[in-house]
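Data block below; observations after.
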Amino acid sequence: MAKQLSTRVAIVGSGPAGLLLGQLLFRAGIDNLILERRPLSRVLARIRAGVLEESTVRVLEEAGVAERLHREGLVHDGIEISVCGERRRIDFATLTGKHVVIYGQTEVTKDLVAAREAAGLPILDEARDVLPVDLESDRPKVLFRRHGEEFELACEIVAGCDGFHGVCRSRIPAERLKTFERVYPFGWLGILAHARPVSDELVYAYSERGFALFSMRSPTVSRLYVQCDPNDPVEAWPDSRVYEELAARVGSDLAARLERAPSVEKSVTQMRSFVAEPMRFGRLVLAGDAAHIVPPTGAKGLNLAAADVAVLARALIAFLREGDARLLDRYSDVALARVWKAERFSWWMTSLLHKFPEGDPFRDRLQRAELEYLFQSEAMQKVLAENYTGLPLALS
Ligand code: FAS
Ligand code: PHB
């Protein structure tokens with residue numbers, strides 16, 4: 001016999017989307033419970049995104065978890081684009097009056113988990129065989145197993161924040177779900193190293209050998225990426241090869257500043273664009289990577305998750321506190337309007353900066369022309385700057 005539990009919002013997944021939603025609902029006095037498949041220690045150890053839009057910082061402030069972010073985050077007013085060694089700075093402050101904050105997703109997750117634990121709120125990690133059911137009724141449930149026990153969690157809303165490989169999206173009947181996908185013919189090999197960044201700001205580099213990104217987590221920790229074959233095992237990329245390619249893909253002045261410190265983390269990230277529509281089915285709502293994926297070139301993944309949650313939290317608070325379903329009924333449309341603009345920008349940045357496999361000379365010439373146009377046109381630089389720093393967040 002399954003053990004009976006109940007809450008108002010069952011949140012599946014304790015990544016940034018699930019944790020942020022849980023925190024915003026808690027601060028609005030709405031009972032919620034988070035189910036997480038992995039041990040919490042695994043969740044806290046993940047190295048993922050590094051760039052926060054101002055609107056994401058605002059949402060984290062609203063959640064009451066931005067104090068360390070303001071203390072330790074690095075405010076950046078621009079990035080540099082390098083094309084075969086020649087660089088052009090994209091000046092966010094001048095072009096948009098906005099900036100971004102460099103603060104690792106790992107730290108955002110730690111801050112959200114710390115806030116949840118301080119409030120004495122549960123994260124049921126190592127939850128297995130999670131299965132949302134009765135989603136078209138007004139009393140959905142989530143079945144799961146944990147530490148050998150069977151559970152039945154009664155709720156009013158199931159929030160699918162369980163990422164691209166989660167279970168929630170699959171609980172929408174195929175005939176009610178439309179998906180859109182583009183898989184890229186390359187991946188990113190990323191390393192983390194205790195080494196001073198080569199530049200004060202991020203450098204995105206196009207070269208005939210492939211893309212490279214020089215990012216950071218602090219003035220003494222570099223986060224570095226090189227375009228690689230999507231099927232490359234990390235073993236194919238010893239540090240010596242990573243640093244050789246990083247140096248070869250950017251101008252000699254930056255290459256000379258590359259401190260070749262041993263990597264403390266190394267992983268290959270696949271590159272895909274993906275959207276599932278709608279982001280709601282009955283009492284199930286999707287947020288974050290559960291509903292959409294972007295290639296990380298535009299630094300949008302984490303920021304899109306935060307934007308979904310900013311809208312969803314408002315919709316659930318109105319619905320569960322005042323019985324007002326209007327924003328909940330509009331949630332999918334409002335979220336997807338932003339998602340598709342971020343999908344476009346992420347696809348554009350990826351297509352602009354990566355070396356595509358041979359075979360399409362016309363495409364290659366268009367790419368070089370677009371890079372040249374970006375370097376020459378302030379209008380084009382403004383388009384990049386306003387998308388990179390984040391479009392205005394529509395909450396209804
Ligand atoms: P997440 O995937 O972070 O969280 C989902 C959670 O649900 C996980 O903890 C998972 O264990 C859990 N879960 C899954 N199935 C479950 C189930 N059945 N039951 C219970 N729990 C379940 N974005 C950038 O902007 N820049 C980057 O550089 C970048 N790098 C990335 C590298 C990698 C390897 C990956 C996978 C993603 C990267 N992203 C990057 C995107 C990433 O930051 C996501 O956008 C962000 O984690 C989205 O957060 P969530 O939607 O919470 O999903
Ligand atoms: C990172 O620092 O991990 C990072 C920064 C910018 C990106 C992608 C990843 O576009």
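Because the structure is a prediction, the values reported are computed rather than measured. Both counts, for ligands and for their atoms, begin at 1 and track the order of listing.
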Q.
Salt bridge check, Glu265 against Arg223: does any charged N sit closer than 4.0 Å to a carboxylate O?
A. yes
The option among Asp289, Leu19, Val294 carrying the non-hydrogen atom nearest to atom 41 (C) of ligand 1 is Asp289
Nearest non-hydrogen protein atom to atom 43 (O) of ligand 1, with distance, is Gln105 OE1, 2.5 Å
Taking NZ, NE, NH1 and NH2 as the nitrogens, is one of them in Glu53 or Lys300 under 4.0 Å from a carboxylate oxygen of the other? yes
The atoms of ligand 2 lying under 4.0 Å from a heavy atom of Tyr204, numbered in the order shown, are 6 (C), 7 (C), 10 (O)
Tyr103 and Gln105: side-chain donor and acceptor closer than 3.5 Å?
-> no
Taking only non-hydrogen atoms of Arg223 and a 4.0 Å limit, the atoms of ligand 2 in range are 2 (O), 3 (O)
Q) For ligand 1, is Arg42 a contact, meaning one of its heavy atoms is under 4.0 Å away? A) no
So for Ala299 against ligand 2, with non-hydrogen atoms under 4.0 Å, the contacting part is both
Among non-hydrogen protein atoms, atom 17 (C) of ligand 1 lies closest to Arg37 CB, 4.0 Å
Nearest heavy-atom approach of Ile79 to Ile81 is CD1-CD1, 4.1 Å
Contact region, Asp162 to ligand 1, non-hydrogen atoms below 4.0 Å, reads both
| query | Is the shortest distance from a Lys or Arg side-chain nitrogen in Lys178 or Glu277 to a carboxylate oxygen in the other one below 4.0 Å? | reply | no
Min over Cys161, Gly18, Ala290 of heavy-atom distance to atom 5 (C) of ligand 1 lands on Cys161
Problem - Ion pair Arg58/Glu62, N-O distance below 4.0 Å - result: no
- Message: In terms of relative ring orientation, are Phe92 and Tyr388 parallel, tilted or perpendicular, with 30° and 60° separating the classes?
- Response: parallel
| Backbone or side chain, does any N or O of Trp188 fall under 3.5 Å from an N or O of ligand 1? | no
closest protein heavy atom to atom 25 (O) of ligand 1 is Gly301 N, 3.2 Å
For Leu202, the atoms of ligand 2 under 4.0 Å from one of its heavy atoms are 5 (C), 6 (C)
Ignoring angles and geometry beyond distance, decide whether His165 reaches within less than 3.5 Å of ligand 1 through its nitrogen or oxygen atoms.
-> no
Pi-cation contact, Phe281 with Arg176 (under 6.0 Å, within 45°) = no
Quiz item: Judged by atom type as modelled, is there a donor-acceptor pair below 3.5 Å linking the side chain of Lys98 to the main-chain atoms of Gly390?
Solution: yes
key: Any N or O of Tyr225 closer than 3.5 Å to N or O of ligand 2   = yes
Under 4.0 Å from one or more heavy atoms of Val51, ligand 2 contributes atoms 5 (C), 6 (C)
- Could you tell me whether Gly166 and ligand 1 have an N or O pair separated by under 3.5 Å? no
ask   = Are Glu208 and Lys355 close enough for a salt bridge, meaning some N to O gap below 4.0 Å?
value = yes
Here the atoms of ligand 2 under 4.0 Å from any heavy atom belonging to Arg48 are 3 (O)
| task | Give a yes or no on whether Arg139 atom CZ has more than 12 heavy-atom contacts from other residues, nucleotides or ligands under 6.0 Å away. | result | yes
Under 4.0 Å, counting heavy atoms only: does Ser267 come that close to any atom of ligand 1? no
**Report entry** Salt bridge Asp329-Arg280, side-chain N to carboxylate O under 4.0 Å
**Finding:** yes
Counting from 1 in the order shown, the ligand 2 atoms closer than 4.0 Å to a non-hydrogen atom of Pro296 are 7 (C), 8 (C), 10 (O)
request  = Indicate yes or no: does an N/O atom of Arg48 lie under 3.5 Å from an N/O atom of ligand 1?
outcome  = yes
Q. Can you tell me if CZ on Arg326 sees more than 12 non-hydrogen neighbours from other groups inside 6.0 Å?
A. no
Looking at Glu80 and Arg87, does any basic side-chain N land under 4.0 Å from a carboxylate oxygen?
yes
The protein heavy atom nearest to atom 18 (N) of ligand 1 is Val167 CG1, 3.6 Å
- Message: With a 4.0 Å cut-off on heavy atoms, is Tyr225 in contact with ligand 1?
- Response: yes
When Gln227, His354, Gln270 are each screened for side-chain hydrogen bond (donor to acceptor under 3.5 Å, both in side chains) with Trp188, the one that passes is His354
Side-chain donor-acceptor contacts of residues 36-44 below 3.5 Å, not counting sequence neighbours, with atom names and distances?
| unit_1 | atom_1 | unit_2 | atom_2 | d |
| --- | --- | --- | --- | --- |
| Glu36 | OE1 | Ser14 | N | 2.8 |
| Glu36 | OE1 | Ser14 | OG | 3.0 |
| Glu36 | OE2 | Arg38 | N | 2.7 |

Logged contact type for Phe214 with ligand 2, heavy-atom cut-off 4.0 Å, is neither
shortest atom 12 (C) of ligand 1-to-protein heavy-atom contact is with Glu36 OE1, 3.3 Å
Quick one about Ser351 and Tyr184 (side-chain donor to acceptor, distance below 3.5 Å, no hydrogens or angles considered), yes or no? no
Gly15 heavy atoms within 4.0 Å reach ligand 1 at atoms 4 (O), 6 (C), 9 (O), 52 (O)
Inset, instruction - Please confirm whether Arg217 comes under 4.0 Å of ligand 2, counting heavy atoms of the residue only. - result: yes
Q | Pro16-ligand 1 polar pair, N/O distance under 3.5 Å | A | yes
**Prompt:** Does Trp188 reach ligand 2, in the sense of a heavy atom lying below 4.0 Å from it?
**Reply:** yes
Between Arg283 (side chain only) and Pro140 (backbone N and O only), is there a donor and an acceptor less than 3.5 Å apart?
no
Contact between ligand 2 and Lys300 is defined here as a heavy atom of the residue under 4.0 Å from a ligand atom; is it met? no
Counting heavy atoms under 4.0 Å, the part of Ile293 that contacts ligand 1 is neither
protein heavy-atom neighbour closest to atom 8 (C) of ligand 1 works out as Arg46 NH1, 3.3 Å
| Short N or O distance, Ala49 and ligand 2, threshold 3.5 Å exclusive | no
min-distance protein heavy atom vs atom 27 (C) of ligand 1 -> Ala49 CA, 3.5 Å
Using a 3.5 Å cut-off on N or O atoms only, is Arg38 in polar contact with ligand 1?
no
Parallel, tilted or perpendicular: which one describes the rings of Phe144 and Phe151, with boundaries at 30° and 60°? parallel
Checklist entry - Heavy atom of Ala299 under 4.0 Å from ligand 1? => result yes
- Message: Under 4.0 Å between a side-chain nitrogen and a carboxylate oxygen: does that hold for Glu107 and Lys110?
- Response: yes
